[in-house]
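Please find one structure pasted underneath; my questions will follow.
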Protein chains: 2
Amino acid sequence: MARALSGKGYVEEERRRLIQQTVDRLGYRTSTIARALRTQRTSSIGVLIADITNPIFPQIVKGIDEVVAADNHTMFLCNTDEDSQKQQAIVRSLLDRNVDGFVLVSQTLTDDFLKLLEHGPPCVFINRRPQAPVMDYVGPDNAQSIRLLLDHLCELGHERIAYVAGPALSSTAQERLTNFRSGMAARGLAVDESMVLRGNYSFESGRVAAETLSALESLPTAVIAANDFVAMGIIDYFQQHGLKVPEDLSVTGFDDAFEMQADGHYPLRFEGITTVDQPKRDLGRAAGRIMLQRISYPGGAPNSIILPTRLRIRNTTAPAQTKNRQA
Amino acid sequence: MARALSGKGYVEEERRRLIQQTVDRLGYRTSTIARALRTQRTSSIGVLIADITNPIFPQIVKGIDEVVAADNHTMFLCNTDEDSQKQQAIVRSLLDRNVDGFVLVSQTLTDDFLKLLEHGPPCVFINRRPQAPVMDYVGPDNAQSIRLLLDHLCELGHERIAYVAGPALSSTAQERLTNFRSGMAARGLAVDESMVLRGNYSFESGRVAAETLSALESLPTAVIAANDFVAMGIIDYFQQHGLKVPEDLSVTGFDDAFEMQADGHYPLRFEGITTVDQPKRDLGRAAGRIMLQRISYPGGAPNSIILPTRLRIRNTTAPAQTKNRQA
DNA sequence: CTGTTAGCGCTTTCAC
DNA sequence: GTGAAAGCGCTAACAG
C-alpha cells in the first residue's frame, strides 16, 4: 500500500506528493498504536521520580522532556513516593506498555527493583546509581560539592562541623558523606562522630537532627545538611530555641532547591540559604540525550556523566563563633 | 483461546486456575499495545500543564495521578510553556497515541486549540475553562477568594486597593478581576482604574506593576496580586525602593504556591505572604475522578466543580497607613 | 462453557 | 518502482 511510502521506500516523487496531499486533505493520521504493535517501539519513555512535589525534580524532568520531546518521544511520568511496592508496580505497568526506556530519578535501587529492570529496555539513572557502575548514570559532582562547602566554611574559620546526611540507601548521600569524612581529614580537622547524623531529606528530619545536636555538650559552629529542606528544618529548630543563624551557627544546604527560575519563580532573596547548586536542568538534558542515543543505537559502553556544581553563598553562613565551642 | 478467559467470560473455575497458574509460571504478561489496538482504549490520559516548574502544578498533577493511577491509568505529562504552537503539537501527538482523555491544567484556550479537542476523547479543564460552559471543569472559587481578601483588607482599614491581574486569556484571571470590581462596589469603595494593572503571573511582571504603581500620584495602601510570584515581585520592588511591606503597604498573593507539604517542603514561616489558598491536590483529584467516570460512562451532563478556598493571613498585610494617601 | 476465527492499522517482505 | 499479503498480540463474536 502506498502509505508505507509516506516515510521511506522507493516511490516516484510525483506519486508521493499526490498521496501526501490526499492524506492531508482527509486529515488522516497514522496510528501510533498499530505502529507500536508492529515495530515494538512506542516512542515513549518512562520517567520515575521520587516526588514531583519536591522542587528539584520538576526541573530535572523539564530537562529530560526538553530533549526527548524534541525527538518526538513522550514521557510517562510517575511518582514513586520512595515506596518500593509502588516502584515495582509502576515499572511493571510501564514494561507492559512497552516503553522504549526508563529514566530513574533518585530511585531507591533495591535488588528486586534492579532485577525487574534487567530484561527491560535501556535505563539511565539520575542521582542514585546501582553499586556496579555498569549502567548509564548522570549525577552531580558530589566530591566537588563537599569540597566547595568545606572550603567556604574553613575560610570562615569553622572547625567543629556537623554533618546531617541523607538516607543510607541513597548512593548520592553516601558519596557525600564519604567525601565529607575525607575532606575533613584532608584539612586536618577531626570528625566528631556524635555530630554525624542521619536524616531523610525532609524538613522534619532537619528539626530532629538539630534537636540531637542541641543536646550535645558542645555545639558545632557549622552544620552541613543533606539538602535545603533539612537545612531549613535545622535553622527553624535553632531559631525557635534562641540561636541565631548565621550569627551563632552557620548552616548550609544542598541542591539549591529554590533556585531562581528563568521565568521568575523562587527569587533568590526569599530563600537565602547558603547551598551548593546542582545543575538540575542539565542533569535531565544529559539523561535524555543518553536515552535517545541508547534507543537509536543499542549497545556500547555505559556512560557515567558527572556534572559540576557551584557554591551559592547566601545568608546562612558567617564567621565561626568561638564561644560556641564551650556552649 | 483460553487467554480471553483470564479476564471475564464463561470458564470453569478449575480450568481458570490452571491457566492462571501456568501463565504466572511462564511470566507471561499481556500486551497493552495489542489490546489498545484491538479495543481502541489505551488506559492512558494526557495531562497538559503550563509549567511543571511552577510549584502549584506538581500538586495538582499529584492529585490527578493519585486517582487515575489507582485505576491503572498512566499519565502522559506534558509541558506547554504557555506556547500555543507547542500546545497544539502536543495534543496532536497525544491524539495519535490514542489517549483516553485529556486533563488540561491552566491552558490557554484559543479557538484553534478547542477545535482540535472537539473530536477527541473527553476533556476536563482545571482552572481555565472555555467560554461556553459545556465541558467538564474543576476550579477554585474565585469569587470567594476575592471576598476573603477584600474582607481582610477592609478590616485592616484599606480603601485604596490596587489590583494586578493575570493574563487576559486566563478565565480565572478574568473571573477574579470581575469579582474584584463588584466586590469593591459592594463595599462602597471606588476602583481607581489607574491602579488596575495587567501582569502575566511572573515575578518580573510584579516588579513592573510595582514600578507603575510607584509612579502614581498617590500610592495605594494595599495591592492584590494575581498570584504569589507577582506578589513577590511587587514586594521586592517596593522594598528595594525604600518602602516597607507590610508597614507602608500591604500586599497579598494568590494560590498559596508555597504551601506547607505533608512531607515537609516549603515550611510556611519561610514564605510569609498573606495569600488565598487553592485546594490544589483536591482540584487534581476531582478532575481525575471526572476523567475516569467519563471514560467508563461516556455521555451525561458536563460537571462544573468549584472548590472552596481559604485565606492565609501571614506577614505581608497590616493596618492601612493613612499617610500613604498623600504620598 | 469452550475452541476457532477475523481483524484492529501498521510495516515488511515478496512477487510483479 | 509498485501492489499484495502476512502477521505483530489481542479481543469479540460465533460456532460447536
Side-chain angles (χ1 to χ4, degrees), chain A residues 1-46 71-74 76 91-101 119-122 295-298, chain B residues 1-46 71-74 76 91-101 119-122 295-298:
Chain A
M1 184 45 166
R3 241 141 287 162
L5 320 177
S6 288
K8 56 206 169 195
Y10 309 101
V11 89
E12 237 170 71
E13 196 44 44
E14 196 183 339
R15 272 178 93 57
R16 168 192 213 76
R17 263 215 313 286
L18 179 64
I19 289 169
Q20 189 56 259
Q21 206 176 307
T22 313
V23 149
D24 288 350
R25 188 163 48 73
L26 265 37
Y28 170 87
R29 312 224 81 208
T30 182
S31 156
T32 311
I33 306 284
R35 172 188 285 125
L37 180 60
R38 183 65 237 244
T39 61
Q40 303 291 23
R41 306 160 111 266
T42 53
S43 298
S44 66
I45 67 165
D71 203 33
N72 277 318
H73 287 254
T74 315
F76 281 116
V91 166
R92 281 218 182 74
S93 146
L94 293 178
L95 246 16
D96 288 348
R97 289 191 133 79
N98 273 42
V99 291
D100 291 344
H119 300 294
I295 292 173
S296 309
Y297 314 100
Chain B
M1 183 47 164
R3 241 140 290 163
L5 319 177
S6 290
K8 57 205 169 197
Y10 310 101
V11 90
E12 234 171 74
E13 196 44 43
E14 196 183 339
R15 270 179 94 55
R16 168 192 214 75
R17 263 214 315 285
L18 179 64
I19 289 169
Q20 189 56 260
Q21 205 176 307
T22 313
V23 149
D24 287 350
R25 187 162 48 74
L26 264 38
Y28 169 86
R29 312 224 81 208
T30 182
S31 156
T32 312
I33 306 283
R35 172 189 286 127
L37 180 60
R38 181 65 237 240
T39 61
Q40 303 291 22
R41 306 160 111 267
T42 53
S43 299
S44 66
I45 68 166
D71 202 34
N72 276 319
H73 287 255
T74 314
F76 281 116
V91 166
R92 282 218 181 73
S93 145
L94 292 178
L95 245 16
D96 289 348
R97 290 190 133 80
N98 274 42
V99 290
D100 292 343
H119 301 294
I295 292 174
S296 310
Y297 314 100

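Computed from a predicted structure; not experimentally measured. Note on naming: letters A, B, ... go to the chains in the order of the sequence lines (proteins, then strands), and numbering restarts at 1 for each one.
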*Identify the two heavy atoms, one from B:Ile33 and one from A:Leu37, that lie closest to each other, and give their separation to 0.1 Å.*
CG2-N, 3.5 Å
_Looking only at side-chain N and O atoms, does B:Arg97 offer a donor or acceptor that is under 3.5 Å from a partner on B:Ser44?_
no
*Could you tell me the separation between the CZ atom of B:Arg41 and the P atom of C:dC8, rounded to a whole number of Å?*
19 Å
*Spacing of CD belonging to A:Glu12 relative to CD1 belonging to A:Ile19, to within rounding of 0.5 Å*: 11.0 Å
*Under 3.5 Å donor-acceptor, B:Asp100 side chain and B:Ser43 backbone*: yes
*Atom CG of B:Leu18 to atom C1' of C:dT2: distance rounded to whole Å?*
14 Å
Which atoms of nucleotides 7-9 of chain D (N or O only) lie under 3.5 Å from a protein N or O atom, and what are those distances?
| unit_1 | atom_1 | unit_2 | atom_2 | d |
| --- | --- | --- | --- | --- |
| D:dG7 | N2 | A:Arg38 | NH1 | 3.2 |
| D:dG9 | N2 | B:Ala34 | O | 3.4 |

*How close or far is atom P of D:dT2 from atom CZ of A:Arg16, stated in whole angstroms?*
11 Å
*Listed by chain and number, what are the side chain to side chain donor-acceptor pair (under 3.5 Å) partners of B:Arg35, not counting sequence neighbours?*
none
